[in-house]
Number of protein chains: 2
Amino acid sequence: MNFSVAEENYIKAIWHLQRYNDDVTTNLLANQLNTRPASVTDMLKKLKAKKLVHYEKYHGFSLTSEGKKIALGIIRRHRLWEFFLAEKLKFDWDEVHDIAEDLEHVSSKKLIDKLDEYLGFPKVDPHGDPIPDNQGKMETSSAIGLDELEINKVAEVSGVGNQSSELLELLKHKNIRIGTKLEVKKRFEFDQSLEIKIRNLPAFTISEQLAKNLLVKYGK
Amino acid sequence: MNFSVAEENYIKAIWHLQRYNDDVTTNLLANQLNTRPASVTDMLKKLKAKKLVHYEKYHGFSLTSEGKKIALGIIRRHRLWEFFLAEKLKFDWDEVHDIAEDLEHVSSKKLIDKLDEYLGFPKVDPHGDPIPDNQGKMETSSAIGLDELEINKVAEVSGVGNQSSELLELLKHKNIRIGTKLEVKKRFEFDQSLEIKIRNLPAFTISEQLAKNLLVKYGK
DNA sequence: AATTAAATTTAGACAAATCTAAAAATTATT
DNA sequence: AATAATTTTTAGATTTGTCTAAATTTAATT
(Lines give C-alpha, C1' and ligand atoms only; values in the text may rest on other atoms or scores of the structure.)
Protein backbone atom coordinates (compact mmCIF):
# COMPACT_ATOMS: atom_id res chain seq x y z
CA MET A 1 0.00 0.00 0.00
CA ASN A 2 1.06 3.53 -0.75
CA PHE A 3 -0.03 6.65 1.05
CA SER A 4 -0.41 10.30 0.10
CA VAL A 5 1.60 13.01 1.78
CA ALA A 6 -1.57 14.18 3.51
CA GLU A 7 -2.35 10.73 4.86
CA GLU A 8 1.20 10.27 6.08
CA ASN A 9 1.09 13.59 7.87
CA TYR A 10 -2.08 12.60 9.68
CA ILE A 11 -0.69 9.20 10.66
CA LYS A 12 2.51 10.72 11.97
CA ALA A 13 0.68 13.44 13.90
CA ILE A 14 -1.63 10.92 15.54
CA TRP A 15 1.35 8.78 16.49
CA HIS A 16 3.11 11.72 18.10
CA LEU A 17 0.03 12.90 19.95
CA GLN A 18 -0.68 9.39 21.24
CA ARG A 19 2.66 9.36 22.99
CA TYR A 20 1.82 12.21 25.32
CA ASN A 21 -1.97 12.21 25.43
CA ASP A 22 -4.28 9.58 26.83
CA ASP A 23 -6.78 10.23 24.14
CA VAL A 24 -6.22 12.16 20.97
CA THR A 25 -9.13 14.37 20.02
CA THR A 26 -10.31 15.86 16.77
CA ASN A 27 -9.57 19.38 17.93
CA LEU A 28 -6.12 18.48 19.19
CA LEU A 29 -5.20 16.88 15.90
CA ALA A 30 -6.65 19.76 13.89
CA ASN A 31 -4.58 22.14 15.95
CA GLN A 32 -1.43 20.07 15.50
CA LEU A 33 -1.86 19.94 11.74
CA ASN A 34 -2.94 23.54 11.34
CA THR A 35 -6.18 22.49 9.81
CA ARG A 36 -9.90 22.50 10.72
CA PRO A 37 -11.72 19.89 12.77
CA ALA A 38 -13.99 19.17 9.82
CA SER A 39 -10.98 18.23 7.71
CA VAL A 40 -9.81 15.88 10.42
CA THR A 41 -13.15 14.11 10.48
CA ASP A 42 -13.00 13.70 6.73
CA MET A 43 -9.54 12.19 6.84
CA LEU A 44 -10.39 9.90 9.75
CA LYS A 45 -13.03 8.29 7.62
CA LYS A 46 -10.48 7.64 4.89
CA LEU A 47 -7.93 6.25 7.31
CA LYS A 48 -10.57 4.05 8.89
CA ALA A 49 -11.50 2.67 5.47
CA LYS A 50 -7.83 1.77 5.04
CA LYS A 51 -7.78 0.15 8.51
CA LEU A 52 -5.11 2.51 9.81
CA VAL A 53 -7.20 3.93 12.65
CA HIS A 54 -9.90 2.67 14.94
CA TYR A 55 -12.60 5.29 14.76
CA GLU A 56 -16.18 5.54 16.01
CA LYS A 57 -17.73 8.88 15.43
CA TYR A 58 -17.99 11.11 18.48
CA HIS A 59 -16.00 8.51 20.43
CA GLY A 60 -12.39 9.16 19.56
CA PHE A 61 -9.81 7.35 17.50
CA SER A 62 -6.40 5.72 17.68
CA LEU A 63 -3.93 4.03 15.36
CA THR A 64 -4.40 0.36 14.58
CA SER A 65 -1.33 -1.83 14.77
CA GLU A 66 -1.05 -1.48 11.00
CA GLY A 67 -1.30 2.30 11.45
CA LYS A 68 1.49 2.22 14.01
CA LYS A 69 3.65 0.21 11.65
CA ILE A 70 3.16 2.81 8.94
CA ALA A 71 3.88 5.57 11.44
CA LEU A 72 7.15 3.96 12.49
CA GLY A 73 8.20 3.74 8.86
CA ILE A 74 7.63 7.47 8.45
CA ILE A 75 9.43 8.26 11.72
CA ARG A 76 12.32 6.10 10.58
CA ARG A 77 12.64 7.96 7.31
CA HIS A 78 12.33 11.33 9.03
CA ARG A 79 14.98 10.63 11.62
CA LEU A 80 17.45 9.02 9.24
CA TRP A 81 17.25 12.07 7.00
CA GLU A 82 17.71 14.33 10.02
CA PHE A 83 20.80 12.39 10.93
CA PHE A 84 22.10 12.62 7.39
CA LEU A 85 21.50 16.37 7.23
CA ALA A 86 23.25 17.07 10.51
CA GLU A 87 26.05 14.54 10.25
CA LYS A 88 26.95 14.62 6.56
CA LEU A 89 25.68 17.96 5.30
CA LYS A 90 26.55 19.83 8.52
CA PHE A 91 23.20 21.43 9.09
CA ASP A 92 22.54 22.86 12.53
CA TRP A 93 20.16 20.74 14.54
CA ASP A 94 17.49 23.40 14.45
CA GLU A 95 17.41 23.32 10.63
CA VAL A 96 17.04 19.62 9.97
CA HIS A 97 13.45 19.08 11.02
CA ASP A 98 11.73 21.10 8.31
CA ILE A 99 13.76 19.60 5.48
CA ALA A 100 13.31 16.06 6.79
CA GLU A 101 9.59 16.79 6.83
CA ASP A 102 9.73 16.79 3.03
CA LEU A 103 12.28 14.03 2.54
CA GLU A 104 10.36 11.62 4.76
CA HIS A 105 7.66 11.23 2.13
CA VAL A 106 10.00 9.64 -0.40
CA SER A 107 9.14 6.10 0.45
CA SER A 108 11.50 3.77 -1.41
CA LYS A 109 12.33 1.08 1.12
CA LYS A 110 15.60 0.27 -0.59
CA LEU A 111 16.64 3.92 -0.44
CA ILE A 112 16.04 4.12 3.28
CA ASP A 113 17.75 0.85 4.09
CA LYS A 114 20.79 1.86 2.07
CA LEU A 115 20.83 5.28 3.67
CA ASP A 116 20.68 3.61 7.08
CA GLU A 117 23.65 1.44 6.19
CA TYR A 118 25.58 4.39 4.76
CA LEU A 119 25.05 6.31 7.98
CA GLY A 120 26.26 3.34 10.04
CA PHE A 121 22.86 2.36 11.49
CA PRO A 122 22.56 5.31 13.86
CA LYS A 123 20.45 4.75 16.96
CA VAL A 124 19.30 8.31 17.62
CA ASP A 125 18.67 11.42 15.54
CA PRO A 126 20.26 14.83 16.19
CA HIS A 127 17.58 15.66 18.77
CA GLY A 128 18.25 12.45 20.68
CA ASP A 129 15.10 10.71 19.47
CA PRO A 130 15.51 7.01 18.73
CA ILE A 131 15.51 5.83 15.11
CA PRO A 132 13.42 2.72 14.39
CA ASP A 133 15.35 -0.04 12.60
CA ASN A 134 14.11 -1.65 9.41
CA GLN A 135 11.85 -3.88 11.51
CA GLY A 136 10.28 -0.87 13.20
CA LYS A 137 12.04 -1.51 16.51
CA MET A 138 13.74 1.27 18.42
CA GLU A 139 15.55 1.93 21.67
CA THR A 140 13.26 2.76 24.55
CA SER A 141 14.84 5.72 26.20
CA SER A 142 15.65 5.69 29.89
CA ALA A 143 15.74 9.47 29.81
CA ILE A 144 13.90 11.62 32.32
CA GLY A 145 12.99 15.28 32.30
CA LEU A 146 15.62 17.58 33.77
CA ASP A 147 12.93 18.73 36.19
CA GLU A 148 13.06 15.26 37.78
CA LEU A 149 16.83 15.09 38.11
CA GLU A 150 18.29 14.83 41.60
CA ILE A 151 20.32 17.74 42.90
CA ASN A 152 24.08 17.51 42.33
CA LYS A 153 23.99 14.41 40.15
CA VAL A 154 25.75 14.76 36.81
CA ALA A 155 23.62 13.81 33.84
CA GLU A 156 23.91 14.01 30.07
CA VAL A 157 21.40 15.67 27.78
CA SER A 158 20.00 12.93 25.55
CA GLY A 159 17.01 14.53 23.91
CA VAL A 160 14.49 17.35 23.74
CA GLY A 161 10.78 17.32 24.40
CA ASN A 162 9.93 18.75 21.00
CA GLN A 163 11.75 20.25 18.06
CA SER A 164 10.09 23.61 17.80
CA SER A 165 12.44 26.24 16.46
CA GLU A 166 11.67 28.25 19.61
CA LEU A 167 13.06 25.56 21.89
CA LEU A 168 16.08 24.90 19.68
CA GLU A 169 16.87 28.59 19.44
CA LEU A 170 16.85 28.87 23.22
CA LEU A 171 19.09 25.84 23.63
CA LYS A 172 21.51 27.12 21.05
CA HIS A 173 21.70 30.42 22.90
CA LYS A 174 22.38 28.66 26.19
CA ASN A 175 24.93 26.36 24.54
CA ILE A 176 23.09 23.21 25.43
CA ARG A 177 23.07 20.32 22.96
CA ILE A 178 22.81 16.52 22.89
CA GLY A 179 25.69 15.14 24.92
CA THR A 180 26.08 18.20 27.12
CA LYS A 181 26.87 17.14 30.72
CA LEU A 182 25.25 19.17 33.46
CA GLU A 183 23.96 19.06 37.01
CA VAL A 184 21.17 20.78 38.91
CA LYS A 185 22.51 22.85 41.80
CA LYS A 186 19.28 24.21 43.22
CA ARG A 187 15.53 24.15 42.70
CA PHE A 188 13.57 27.33 43.47
CA GLU A 189 10.20 26.46 44.88
CA PHE A 190 8.66 29.79 43.94
CA ASP A 191 8.56 29.10 40.20
CA GLN A 192 10.25 25.71 39.97
CA SER A 193 13.13 27.27 38.09
CA LEU A 194 16.46 25.45 38.31
CA GLU A 195 20.01 26.60 38.75
CA ILE A 196 22.18 24.40 36.60
CA LYS A 197 25.88 24.08 35.98
CA ILE A 198 27.76 22.91 32.93
CA ARG A 199 31.32 21.81 33.65
CA ASN A 200 33.41 24.85 34.55
CA LEU A 201 31.04 27.45 33.19
CA PRO A 202 29.28 29.80 35.59
CA ALA A 203 25.95 28.47 36.84
CA PHE A 204 22.75 29.87 35.37
CA THR A 205 19.03 29.52 35.76
CA ILE A 206 16.48 27.91 33.50
CA SER A 207 12.70 27.90 33.63
CA GLU A 208 10.58 24.96 34.69
CA GLN A 209 9.20 24.79 31.18
CA LEU A 210 12.63 24.44 29.64
CA ALA A 211 13.68 21.87 32.24
CA LYS A 212 10.69 19.68 31.38
CA ASN A 213 11.70 19.74 27.74
CA LEU A 214 15.26 18.69 28.36
CA LEU A 215 15.67 14.93 28.58
CA VAL A 216 18.69 13.63 30.44
CA LYS A 217 20.28 10.31 31.29
CA TYR A 218 22.36 9.57 34.34
CA GLY A 219 26.08 9.08 34.47
CA LYS A 220 27.84 6.65 32.08
CA MET B 1 7.54 31.13 -6.10
CA ASN B 2 6.85 27.50 -5.27
CA PHE B 3 5.58 24.87 -7.64
CA SER B 4 3.57 21.70 -7.27
CA VAL B 5 4.97 18.32 -8.17
CA ALA B 6 2.65 18.23 -11.18
CA GLU B 7 3.83 21.62 -12.39
CA GLU B 8 7.47 20.64 -11.94
CA ASN B 9 6.95 17.45 -13.89
CA TYR B 10 5.46 19.39 -16.79
CA ILE B 11 8.25 21.95 -16.77
CA LYS B 12 10.90 19.27 -16.71
CA ALA B 13 9.25 17.25 -19.46
CA ILE B 14 8.96 20.30 -21.71
CA TRP B 15 12.60 21.13 -21.09
CA HIS B 16 13.69 17.62 -22.05
CA LEU B 17 11.51 17.51 -25.15
CA GLN B 18 12.74 20.92 -26.27
CA ARG B 19 16.26 19.59 -26.43
CA TYR B 20 15.55 17.08 -29.14
CA ASN B 21 12.46 18.44 -30.85
CA ASP B 22 12.10 21.58 -32.88
CA ASP B 23 8.64 22.12 -31.57
CA VAL B 24 7.05 20.37 -28.65
CA THR B 25 3.44 19.46 -29.27
CA THR B 26 0.53 18.76 -26.97
CA ASN B 27 0.37 15.12 -28.00
CA LEU B 28 4.10 14.61 -27.57
CA LEU B 29 4.02 16.03 -24.08
CA ALA B 30 0.91 14.05 -23.16
CA ASN B 31 2.64 10.91 -24.32
CA GLN B 32 5.80 11.72 -22.39
CA LEU B 33 3.87 12.30 -19.18
CA ASN B 34 1.49 9.40 -19.61
CA THR B 35 -1.47 11.68 -19.53
CA ARG B 36 -4.15 12.95 -21.96
CA PRO B 37 -3.80 15.85 -24.35
CA ALA B 38 -6.69 17.60 -22.62
CA SER B 39 -4.79 17.54 -19.34
CA VAL B 40 -1.80 19.07 -21.08
CA THR B 41 -3.90 21.92 -22.40
CA ASP B 42 -5.26 22.55 -18.91
CA MET B 43 -1.80 22.69 -17.41
CA LEU B 44 -0.41 24.88 -20.18
CA LYS B 45 -2.96 27.52 -19.23
CA LYS B 46 -1.78 27.44 -15.64
CA LEU B 47 1.87 27.58 -16.61
CA LYS B 48 1.17 30.45 -18.95
CA ALA B 49 -0.57 32.35 -16.16
CA LYS B 50 2.60 31.90 -14.12
CA LYS B 51 4.72 33.09 -17.06
CA LEU B 52 6.63 29.83 -17.31
CA VAL B 53 5.61 29.05 -20.89
CA HIS B 54 4.81 31.02 -23.99
CA TYR B 55 1.55 29.57 -25.21
CA GLU B 56 -0.94 30.53 -27.88
CA LYS B 57 -3.66 28.03 -28.34
CA TYR B 58 -3.39 25.81 -31.38
CA HIS B 59 0.03 27.34 -32.04
CA GLY B 60 2.40 25.48 -29.77
CA PHE B 61 4.32 26.40 -26.66
CA SER B 62 7.79 26.67 -25.21
CA LEU B 63 9.44 27.54 -21.93
CA THR B 64 10.02 31.19 -21.11
CA SER B 65 13.44 32.10 -19.78
CA GLU B 66 11.93 31.97 -16.31
CA GLY B 67 10.56 28.53 -17.14
CA LYS B 68 13.99 27.39 -18.25
CA LYS B 69 15.50 28.65 -15.03
CA ILE B 70 13.00 26.63 -13.02
CA ALA B 71 13.67 23.60 -15.21
CA LEU B 72 17.40 23.82 -14.62
CA GLY B 73 16.80 23.95 -10.89
CA ILE B 74 14.82 20.72 -11.10
CA ILE B 75 17.43 19.07 -13.34
CA ARG B 76 20.11 20.14 -10.90
CA ARG B 77 18.30 18.55 -7.98
CA HIS B 78 17.57 15.40 -9.95
CA ARG B 79 21.12 14.88 -11.10
CA LEU B 80 22.73 15.69 -7.76
CA TRP B 81 20.51 13.12 -6.08
CA GLU B 82 21.38 10.60 -8.80
CA PHE B 83 25.03 11.21 -8.14
CA PHE B 84 24.49 10.82 -4.40
CA LEU B 85 22.58 7.58 -4.84
CA ALA B 86 25.18 6.02 -7.09
CA GLU B 87 28.32 7.38 -5.44
CA LYS B 88 27.44 7.28 -1.76
CA LEU B 89 24.65 4.74 -1.44
CA LYS B 90 26.08 2.42 -4.12
CA PHE B 91 22.98 2.10 -6.20
CA ASP B 92 23.39 0.70 -9.70
CA TRP B 93 23.05 3.38 -12.35
CA ASP B 94 19.83 1.87 -13.64
CA GLU B 95 18.16 2.30 -10.24
CA VAL B 96 18.90 5.92 -9.48
CA HIS B 97 16.57 7.62 -11.93
CA ASP B 98 13.25 6.59 -10.39
CA ILE B 99 14.25 7.48 -6.85
CA ALA B 100 15.72 10.82 -7.92
CA GLU B 101 12.39 11.49 -9.60
CA ASP B 102 10.87 11.76 -6.12
CA LEU B 103 13.77 13.43 -4.35
CA GLU B 104 13.99 16.18 -6.96
CA HIS B 105 10.77 17.75 -5.72
CA VAL B 106 12.21 18.58 -2.32
CA SER B 107 13.14 22.11 -3.14
CA SER B 108 15.14 23.59 -0.27
CA LYS B 109 17.90 25.56 -1.96
CA LYS B 110 20.15 25.29 1.05
CA LEU B 111 19.76 21.52 1.05
CA ILE B 112 20.78 21.24 -2.57
CA ASP B 113 23.72 23.59 -2.30
CA LYS B 114 25.01 21.75 0.74
CA LEU B 115 24.50 18.41 -0.98
CA ASP B 116 26.43 19.73 -3.97
CA GLU B 117 29.29 20.76 -1.72
CA TYR B 118 29.22 17.45 0.15
CA LEU B 119 29.48 15.58 -3.14
CA GLY B 120 32.42 17.72 -4.24
CA PHE B 121 30.58 19.74 -6.89
CA PRO B 122 30.27 16.91 -9.41
CA LYS B 123 30.05 17.94 -13.05
CA VAL B 124 28.09 14.98 -14.44
CA ASP B 125 25.58 12.48 -13.09
CA PRO B 126 25.95 8.69 -13.30
CA HIS B 127 24.55 8.68 -16.84
CA GLY B 128 27.05 11.26 -17.98
CA ASP B 129 24.55 14.10 -18.08
CA PRO B 130 25.92 17.46 -16.94
CA ILE B 131 24.78 18.86 -13.57
CA PRO B 132 23.85 22.56 -13.56
CA ASP B 133 25.70 24.57 -10.90
CA ASN B 134 23.88 26.80 -8.43
CA GLN B 135 23.69 29.49 -11.09
CA GLY B 136 22.04 27.12 -13.53
CA LYS B 137 25.14 26.83 -15.71
CA MET B 138 26.38 23.47 -16.93
CA GLU B 139 29.03 21.92 -19.13
CA THR B 140 28.07 21.70 -22.75
CA SER B 141 29.03 18.28 -23.81
CA SER B 142 31.34 17.71 -26.76
CA ALA B 143 30.07 14.15 -26.93
CA ILE B 144 28.93 12.56 -30.19
CA GLY B 145 26.90 9.46 -30.88
CA LEU B 146 28.91 6.29 -31.23
CA ASP B 147 27.37 5.94 -34.70
CA GLU B 148 29.37 9.01 -35.74
CA LEU B 149 32.70 7.83 -34.35
CA GLU B 150 35.55 7.26 -36.80
CA ILE B 151 36.78 3.71 -37.32
CA ASN B 152 39.71 2.67 -35.12
CA LYS B 153 39.74 5.77 -32.93
CA VAL B 154 39.60 5.09 -29.21
CA ALA B 155 36.85 6.98 -27.43
CA GLU B 156 35.35 6.99 -23.97
CA VAL B 157 31.67 6.53 -23.19
CA SER B 158 30.50 9.77 -21.57
CA GLY B 159 26.74 9.45 -21.57
CA VAL B 160 23.60 7.75 -22.77
CA GLY B 161 20.82 9.02 -24.99
CA ASN B 162 18.14 8.28 -22.45
CA GLN B 163 17.81 6.49 -19.16
CA SER B 164 15.15 3.95 -19.95
CA SER B 165 15.57 0.77 -17.95
CA GLU B 166 15.63 -1.08 -21.28
CA LEU B 167 18.73 0.75 -22.46
CA LEU B 168 20.46 0.49 -19.12
CA GLU B 169 19.72 -3.21 -18.87
CA LEU B 170 21.28 -3.78 -22.27
CA LEU B 171 24.38 -1.78 -21.38
CA LYS B 172 24.78 -3.63 -18.13
CA HIS B 173 24.60 -6.91 -19.99
CA LYS B 174 27.25 -5.78 -22.45
CA ASN B 175 29.43 -4.41 -19.67
CA ILE B 176 29.40 -0.88 -21.00
CA ARG B 177 29.28 2.03 -18.56
CA ILE B 178 30.37 5.65 -18.29
CA GLY B 179 34.13 5.75 -18.69
CA THR B 180 34.36 2.58 -20.75
CA LYS B 181 36.95 3.01 -23.49
CA LEU B 182 36.15 1.46 -26.84
CA GLU B 183 36.70 1.72 -30.56
CA VAL B 184 34.67 0.92 -33.65
CA LYS B 185 36.30 -1.72 -35.80
CA LYS B 186 33.80 -2.00 -38.62
CA ARG B 187 30.53 -0.57 -39.81
CA PHE B 188 28.14 -2.92 -41.64
CA GLU B 189 26.28 -1.03 -44.31
CA PHE B 190 23.44 -3.52 -44.44
CA ASP B 191 21.92 -2.54 -41.10
CA GLN B 192 24.40 0.08 -39.85
CA SER B 193 25.38 -2.24 -37.03
CA LEU B 194 28.88 -1.74 -35.60
CA GLU B 195 31.58 -4.11 -34.53
CA ILE B 196 33.20 -2.61 -31.44
CA LYS B 197 36.08 -3.58 -29.24
CA ILE B 198 36.69 -2.87 -25.56
CA ARG B 199 40.32 -3.19 -24.55
CA ASN B 200 41.39 -6.82 -24.69
CA LEU B 201 37.92 -8.30 -24.76
CA PRO B 202 36.72 -10.06 -27.89
CA ALA B 203 34.99 -7.76 -30.35
CA PHE B 204 31.20 -7.83 -30.56
CA THR B 205 28.43 -6.23 -32.55
CA ILE B 206 25.89 -3.63 -31.50
CA SER B 207 22.82 -2.31 -33.30
CA GLU B 208 22.57 1.08 -34.92
CA GLN B 209 19.93 2.03 -32.39
CA LEU B 210 22.20 1.29 -29.47
CA ALA B 211 25.12 3.09 -31.12
CA LYS B 212 23.04 6.25 -31.48
CA ASN B 213 22.23 6.16 -27.77
CA LEU B 214 25.83 5.81 -26.68
CA LEU B 215 27.55 9.17 -26.34
CA VAL B 216 31.33 9.17 -26.58
CA LYS B 217 34.20 11.63 -26.32
CA TYR B 218 37.54 11.33 -28.08
CA GLY B 219 40.82 10.45 -26.45
CA LYS B 220 41.89 12.55 -23.44
C1' DA C 1 -10.27 24.67 -53.10
C1' DA C 2 -12.92 21.32 -50.86
C1' DT C 3 -12.77 17.44 -48.08
C1' DT C 4 -10.69 14.35 -44.90
C1' DA C 5 -7.63 13.41 -41.22
C1' DA C 6 -5.13 14.69 -37.29
C1' DA C 7 -4.18 17.59 -33.48
C1' DT C 8 -5.85 20.55 -30.06
C1' DT C 9 -9.09 22.67 -27.13
C1' DT C 10 -13.50 23.12 -24.56
C1' DA C 11 -17.21 21.47 -21.71
C1' DG C 12 -18.49 19.02 -18.10
C1' DA C 13 -17.49 15.45 -14.59
C1' DC C 14 -14.70 13.32 -10.91
C1' DA C 15 -11.47 12.35 -6.86
C1' DA C 16 -8.59 14.22 -3.16
C1' DA C 17 -8.09 17.38 0.32
C1' DT C 18 -9.50 21.23 2.12
C1' DC C 19 -12.84 24.97 3.91
C1' DT C 20 -17.18 27.47 6.26
C1' DA C 21 -21.46 27.33 8.37
C1' DA C 22 -24.93 24.72 10.38
C1' DA C 23 -26.51 20.59 12.78
C1' DA C 24 -25.91 16.87 16.04
C1' DA C 25 -23.85 14.63 19.92
C1' DT C 26 -21.38 14.77 24.09
C1' DT C 27 -19.89 16.91 28.35
C1' DA C 28 -20.23 20.31 31.92
C1' DT C 29 -22.94 23.30 34.83
C1' DT C 30 -26.43 25.12 37.18
C1' DA D 1 -32.41 16.52 35.03
C1' DA D 2 -32.58 20.39 32.17
C1' DT D 3 -29.84 23.76 29.99
C1' DA D 4 -25.60 25.64 28.39
C1' DA D 5 -21.13 25.07 26.48
C1' DT D 6 -18.05 22.45 23.93
C1' DT D 7 -16.75 19.16 20.66
C1' DT D 8 -17.53 16.71 16.63
C1' DT D 9 -19.79 15.74 12.44
C1' DT D 10 -22.42 16.74 8.20
C1' DA D 11 -23.68 19.38 4.17
C1' DG D 12 -22.28 21.82 0.59
C1' DA D 13 -18.40 24.59 -1.78
C1' DT D 14 -13.75 25.20 -3.55
C1' DT D 15 -9.17 24.11 -5.64
C1' DT D 16 -5.98 21.18 -8.12
C1' DG D 17 -5.21 17.95 -11.38
C1' DT D 18 -7.12 14.68 -13.94
C1' DC D 19 -10.46 12.37 -17.30
C1' DT D 20 -13.91 11.43 -21.51
C1' DA D 21 -16.45 12.93 -25.22
C1' DA D 22 -17.57 16.47 -28.24
C1' DA D 23 -16.30 20.58 -30.74
C1' DT D 24 -12.94 23.31 -33.01
C1' DT D 25 -8.85 24.40 -35.50
C1' DT D 26 -5.02 23.25 -38.28
C1' DA D 27 -2.71 20.28 -41.62
C1' DA D 28 -2.86 16.91 -45.29
C1' DT D 29 -4.89 14.98 -49.36
C1' DT D 30 -7.47 14.52 -53.08
Side-chain angles (χ1 to χ4, degrees), chain A residues 1-14 17-18 21-63 67 70-71 74 101-102 104-107, chain B residues 1-15 17-18 20-63 67 70-71 74 101-102 104-107:
Chain A
M1 244 302 186
N2 234 34
F3 304 100
S4 71
V5 170
E7 288 169 333
E8 289 192 347
N9 285 337
Y10 273 89
I11 295 166
K12 195 177 58 148
I14 297 170
L17 290 175
Q18 277 188 175
N21 300 86
D22 294 333
D23 49 61
V24 182
T25 67
T26 303
N27 274 346
L28 193 62
L29 184 51
N31 189 59
Q32 174 83 4
L33 288 168
N34 262 303
T35 186
R36 304 287 141 209
S39 310
V40 171
T41 301
D42 289 344
M43 183 57 91
L44 285 174
K45 288 183 199 162
K46 288 174 204 163
L47 295 178
K48 180 180 181 175
K50 295 188 177 191
K51 298 185 189 297
L52 300 176
V53 295
H54 300 293
Y55 169 55
E56 292 304 328
K57 62 169 157 167
Y58 291 111
H59 291 89
F61 52 89
S62 63
L63 291 176
I70 304 301
I74 303 165
E101 202 89 307
D102 288 334
E104 73 187 11
H105 300 295
V106 177
S107 60
Chain B
M1 243 302 184
N2 235 35
F3 304 101
S4 70
V5 169
E7 288 169 333
E8 289 192 348
N9 285 337
Y10 273 89
I11 295 166
K12 194 178 58 149
I14 297 170
W15 188 88
L17 290 174
Q18 276 188 176
Y20 300 107
N21 301 86
D22 295 333
D23 49 61
V24 182
T25 66
T26 302
N27 274 345
L28 194 62
L29 184 51
N31 189 59
Q32 174 85 3
L33 288 168
N34 263 302
T35 186
R36 305 288 138 205
S39 309
V40 170
T41 301
D42 289 344
M43 183 58 91
L44 285 173
K45 288 183 198 162
K46 288 174 203 161
L47 295 178
K48 181 181 182 174
K50 295 188 177 191
K51 297 186 189 298
L52 300 176
V53 296
H54 301 294
Y55 170 55
E56 292 305 328
K57 62 169 159 169
Y58 292 111
H59 291 88
F61 53 91
S62 63
L63 291 176
I70 304 300
I74 303 166
E101 202 88 311
D102 288 334
E104 73 188 11
H105 300 295
V106 176
S107 61

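Labels below follow one simple rule: chain letters A, B, ... track the order of the sequence lines, proteins then strands, and each chain is numbered from 1.
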What residues, two or more places apart in sequence or in another chain, satisfy side chain to side chain contact (heavy atoms under 4.5 Å, CB included) together with A:D23? A:T25
Euclidean distance, atom CD of residue A:E7 to atom C1' of C:dA15 [Å, nearest integer]: 12 Å
Compare all side-chain heavy atoms of A:K48 with those of A:E56 and state whether any distance is below 4.5 angstrom. yes
Tell me the interatomic distance from A:M43, atom CE, to C:dT18, atom C1', rounded to whole angstroms. 9 Å
Rounded off to whole Å, could you give me the CG-to-P distance for the A:L29 and D:dT8 pair? 10 Å
NZ of A:K48 versus C1' of D:dT9: gap in Å, rounded? 14 Å
Can you give one letter per nucleotide of nucleotides 4-13 of chain C, going 5' to 3': B for a protein heavy atom under 4.0 Å from the base, S for sugar-phosphate only, - for none? ---SBBB---
Separation of A:N31 atom CG from D:dT8 atom P, in whole Å? 12 Å
Is A:T35 close enough to C:dC19 that one of its side-chain N or O atoms is under 4.0 Å from OP1 or OP2 there? yes
Between the side chains of B:N9 and B:H105, does any donor sit under 3.5 Å from an acceptor? yes
note: A:R36, atom CZ; D:dT10, atom C1'; distance rounded to Å ~ 17 Å
Which atoms form the tightest heavy-atom contact between A:L44 and A:V53, and what is the distance? O-CG2, 3.9 Å
NZ of A:K46 versus P of D:dT9: gap in Å, rounded? 14 Å
B:Y10 and B:L52, any side-chain heavy atoms less than 4.5 Å apart: no
Mind calculating the distance between OH (A:Y10) and C1' (C:dA17) to the nearest angstrom? 8 Å
Any sub-3.5 Å donor-acceptor pair from B:Q18's side-chain atoms to B:L63's backbone N or O? yes
Distance test, side-chain N/O of A:S4 to OP1/OP2 of C:dA17, below 4.0 Å: yes
